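Worksheet for the structure shown next.
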Amino acid sequence: MAMSAAEIEDMIKSALPDARITVEDLAGDGEHYAATVVSEQFRGLSRVRQHQLVYAALQGRMGGVLHALALQTSAPE
Amino acid sequence: MSQATENQAFASIKTAVDENPVMLFMKGTAMFPQCGFSARVVQILTHMGVPFKTANVLEDPELRDGIKQFSNWPTIPQLYVKGEFVGGCDIVTEMFQSGELQTLFDQNGIAKTGA
């Protein structure tokens, strides 16, 4: 059961309400996406911690139904 | 995974990351990577010329699950430098492009092979 771009965006948004999110479907199979997430909650965090916040927002789907999510995260400039 | 198996997997992971300054848990081997993301990290490490050890999670289901719990990171590949989790394919690629990966190696005294 794949995921839609909208689903990914909604889940991230619910955990990071201030986030500006873009989600791009890489393969059209609902399993390979690229996403950029900009949120104040990332400020001062290492990249690993930032990505872990996004993975937590996806509630265990990362590495499961969601095979690949190329992530770019940052705090607002 | 039972607690006992998890402890065993954690112990062997801990040994691997402590004994190998640059340790890569991947799908496949450096010679025959079986996943594009794993292959990219191998490519980056090879290009930088640093010695590194790999572990093929496809050969060991307990390792494949254990490593994800160990680092609280849901995907493979996973790169460790001097026992510290550095990241997966995205982060390693970003750090390589920004020069942070070279700095990390320099700071940890990890020189090119034959340097």
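Note that the structure is predicted; figures quoted are calculated from it, not measured. In what follows, chains are A, B, ... by sequence order, proteins preceding strands, each numbered from 1. Below, each value reflects all heavy atoms present in this structure, side chains not excepted, and no hydrogens, waters or symmetry copies.
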Hydrophobic cluster membership, [X] vs [Y], 4.5 Å side-chain cutoff:
X: L24(B); Y: F37(B); value: no
X: L53(A); Y: Y33(A); value: yes
X: L26(A); Y: L69(A); value: no
X: L45(A); Y: V38(A); value: no

Next on the checklist: For T46(B), give me all partners under side-chain contact (heavy atoms from CB on, under 4.5 Å), at least two apart in sequence or on another chain.
Outcome noted: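 Only V42(B), F52(B) meet the side-chain contact (heavy atoms from CB on, under 4.5 Å) criterion with T46(B).
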- [ ] Assign the ring pair Y55(A) / W73(B) to parallel, tilted or perpendicular, where the plane angle (0 to 90°) is split at 30° and 60°.
- [x]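 If you compare the ring of Y55(A) with that of W73(B), the planes turn out perpendicular.
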Among residues 86-102 of chain B, those lying within the under-4.5 Å heavy-atom range of chain A are V86(B), G87(B), D90(B), I91(B), E94(B), M95(B), S98(B), E100(B)
